[in-house]
Amino acid sequence: MGRVWIIALVTPWSFGQDPTFYRDIVPILQDRCQECHRPGESGPMPLVTYPQVRPWAKAIRDAVASRKMPPWFADPCCGKFSNDRSLTRAQIDTFTKWVDAKAPMGDRADAPAPRIWPEGWNLATRDAVFSTPGFKVPAKGAVEYQYFAVPTGFKQDRWVRSVEVKPGARAVVHHVVVYIREPGSTWTRGPTKADILEVWAPGTAVETWPEGMAKLIPAGSDLVFEIHYTPTGKPAVDRTSVAVEFAKSPPAKRVLTLQMGNDRFTIPPGDRNYRVSVGGTLPNDAVLLGLFPHMHLRGKAFEFDRIRQDGQPDVLLRVSKYDFYWQLSYKLAMPLPLKKGTRLEWIGWFDNSPNNPRNPDPAAEVRYGQQSWEEMMIGFFDVAVDASVDKFKFFIR
Ligand code: HEC
C-alpha cells in the first residue's frame with residue numbers, strides 16, 4: 001500500500017518537471033553544440049537526432065557539468081564576449097535533470113525546427129574561396145611550418161566582413177594563419193608584419209566583424225597560408241581553404257589583426273609558474289574588437305591588460321586554464337575604444353614542471369620556437385581603425 005502511495009504522490013509531479021529531449025535538449029544542442037557536433041565537423045560524434053544523442057547522455061551530462069564542453073576558457077571575472085558559448089547554470093541543470101530522469105525523448109511536436117547548417121561550411125555566403133595545393137603530411141616526425149602563397153586575382157580592393165578557414169585534413173592541421181601579402185611584397189616565410197586575414201586553431205568559428213567594420217584585401221594581393229602540421233602516425237593529404245564574404249559597401253573602419261609577443265624568454269627546467277610579459281603603447285586611436293592568446297604545451301594561463309592612468313591593470317581577458325588543444329579567440333561584446341598612447345600589457349604563465357601532463361620535457365630549458373616542444377608567447381588582437389589610416393602596424397617582439 002505504502003508503495004502505491006509514494007508512486008501516486010511523486011510520479012505526476014516529477015513527470016511534469018522532467019526535461020525532454022525534444023522540448024528542452026534540442027534547443028541547447030542547436031545553439032551550443034551542433035556547430036561542432038554534426039557530420040563533417042570537429043566533434044567526434046553528431047548530436048542532432050535522438051538516436052545519436054541517447055548513447056552519449058551520461059558523457060554529455062559529465063562533460064557539461066565539468067565545463068569541459070562546450071570549450072570556453074575566459075574567466076568569468078573579466079570581460080564579456082559575444083562568442084561566449086559557455087552554458088548557463090540553468091542549461092547545465094537541464095542536462096543533469098534530463099539524464100538523471102533516464103533521458104526521456106518527449107513529444108517530437110515540442111521540438112524546434114531542425115537547424116539548417118550550410119553544407120561543408122558554416123559561412124553561408126562565400127563570395128570567394130581560396131585553397132592551398134595538396135600537401136602530403138608524413139606519418140611521423142616534425143614538419144617545419146609550411147607557407148603557401150595563393151593569388152587572389154582581385155582586380156579591385158575588396159572589403160571582407162566575414163571569413164572562415166576550413167582545414168582539409170583536420171587531424172593533422174595544428175593551426176593556420178592566413179596573411180594578406182600586399183602587391184609588391186614577395187616574402188615567403190614568417191615572421192612578417194603583413195596584416196592577417198584570419199588565425200585558425202581548433203575551436204575557431206566563423207569570424208564576422210561588427211557592422212561598418214571590415215578587413216581590406218588590396219587589389220592584386222596574395223594570401224599566404226602559414227600552416228603548422230602535426231603528424232598523427234598516419235600519412236595525410238591536406239588542402240586548407242579560406243572563404244570570404246564581401247562587405248556590401250566600403251566600411252568606416254578597417255580591421256587589423258595585430259600581434260604583440262615576447263620571444264626573448266628562457267623558461268628554467270621544472271619551473272611551475274614562469275611569467276613572461278610584453279608591453280606596448282598604441283600608436284593610434286583604435287577600437288579593440290577581440291583577443292587571441294597563443295602559447296604551446298607549457299602554456300598555463302594568459303592575461304590581456306590595459307594599463308590605466310593610475311598604473312593599475314584593467315583585465316580585458318583572463319584565461320586561467322590555458323589549453324593548447326583549444327586555442328580560441330575572444331570577441332569583445334562591446335568593442336572598446338582605446339586612445340593613442342594607451343599602454344597594453346600581455347602576460348603568459350608557463351608550467352615547465354613534471355606536474356604538467358603535456359610537458360614534453362621538464363628537464364629542458366625552453367626558449368622561443370615554432371615547434372610544440374619549444375614555446376611561444378603571443379597575444380593576437382583585432383582592432384578597428386579609421387579606414388583611411390594606412391600602415392598602422394603594431395608589432396612588438
Ligand atoms: C568548438 C567545437 C565544439 C563544441 C561547440 C562542442 N564540442 Fe563537444 N567535442 C568537441 C571535440 C573536438 C571533442 C573531442 C575532443 C575532446 O574531447 O576534447 C568533443 C567531445 C565531446 C564529448 C566527449 C567528451 C569525453 O569526455 O570524451 C562530449 C560528451 C561532448 N563533446 C559534448 C558536447 C556538448 C553537449 C556540447 C554542447 C553543449 C559540445 N560538446 C560542444 C568539439 C565541440
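Keep in mind that this is a model prediction, so the values were computed, not measured. When a ligand or atom number is given, it counts from 1 through the structure's own listing order.
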Atom 12 (C) of ligand 1 - nearest protein heavy atom and its distance: Ser42 O, 3.5 Å
Ligand 1 contacted by Met45 (non-hydrogen, < 4.0 Å): yes
Closest protein heavy atom to atom 38 (C) of ligand 1, given as residue, atom name and distance to 0.1 Å: Cys33 SG, 2.5 Å
Atom indices of ligand 1 within 4.0 angstrom of Cys36 heavy atoms, with elements: 1 (C), 2 (C), 3 (C), 4 (C), 5 (C), 42 (C), 43 (C)
Of the listed options Arg32, Met69, Arg170, Arg85, closest to atom 30 (C) of ligand 1 (non-hydrogen atoms): Met69
Ligand 1 versus Tyr325: contacting region, heavy-atom distance under 4.0 Å: neither
Protein contact for atom 5 (C) of ligand 1 (heavy atom, distance under 4.0 Å): yes
Residues, nucleotides or ligands: over 12 heavy atoms within 6.0 Å of Arg343 CZ: yes
Identity and separation of the nearest protein heavy atom to atom 11 (C) of ligand 1: Pro44 CD, 3.6 Å
Close side-chain approach of Phe292 to Tyr330, heavy-atom, < 4.5 Å: no
Sub-4.0 Å atoms of ligand 1 with respect to non-hydrogen atoms of Ile60: 29 (C), 35 (C)
Numbered atoms of ligand 1 (with element) below 4.0 Å of Ala59, judged on heavy atoms: 29 (C)
Ring centres under 6.0 angstrom apart (Phe350, Tyr274): no
Other residues, nucleotides, ligands: >12 heavy atoms within 6.0 Å of Arg108 CZ: no
Aromatic ring pairing Phe135/Tyr229, orientation class (parallel under 30°, perpendicular over 60°, tilted between): parallel
Location of contacts on Pro202 toward ligand 1, heavy atoms closer than 4.0 Å: neither
Where Thr204 and Gln327 come nearest, the two heavy atoms and their spacing: OG1-O, 4.1 Å
Atom 31 (N) of ligand 1 - nearest protein heavy atom and its distance: His37 NE2, 2.9 Å
Ligand 1 contacted by Lys68 (non-hydrogen, < 4.0 Å): yes
Plane angle bin for Phe304 and Phe302 - parallel if under 30°, tilted between 30 and 60°, otherwise perpendicular: tilted
Ring center gap for Phe81 and Phe73 short of 6.0 angstrom: no
Mutual orientation of the aromatic rings belonging to Tyr145 and His175 [parallel < 30°, tilted 30-60°, perpendicular > 60°]: perpendicular
Protein heavy atom at shortest distance from atom 42 (C) of ligand 1: Trp326 CH2, 3.6 Å
Enumerated ligand 1 atoms positioned under 4.0 Å from heavy atoms of Pro71: 1 (C), 3 (C), 4 (C), 6 (C)
Lys300 side chain to Arg272 backbone, donor-acceptor under 3.5 Å: yes
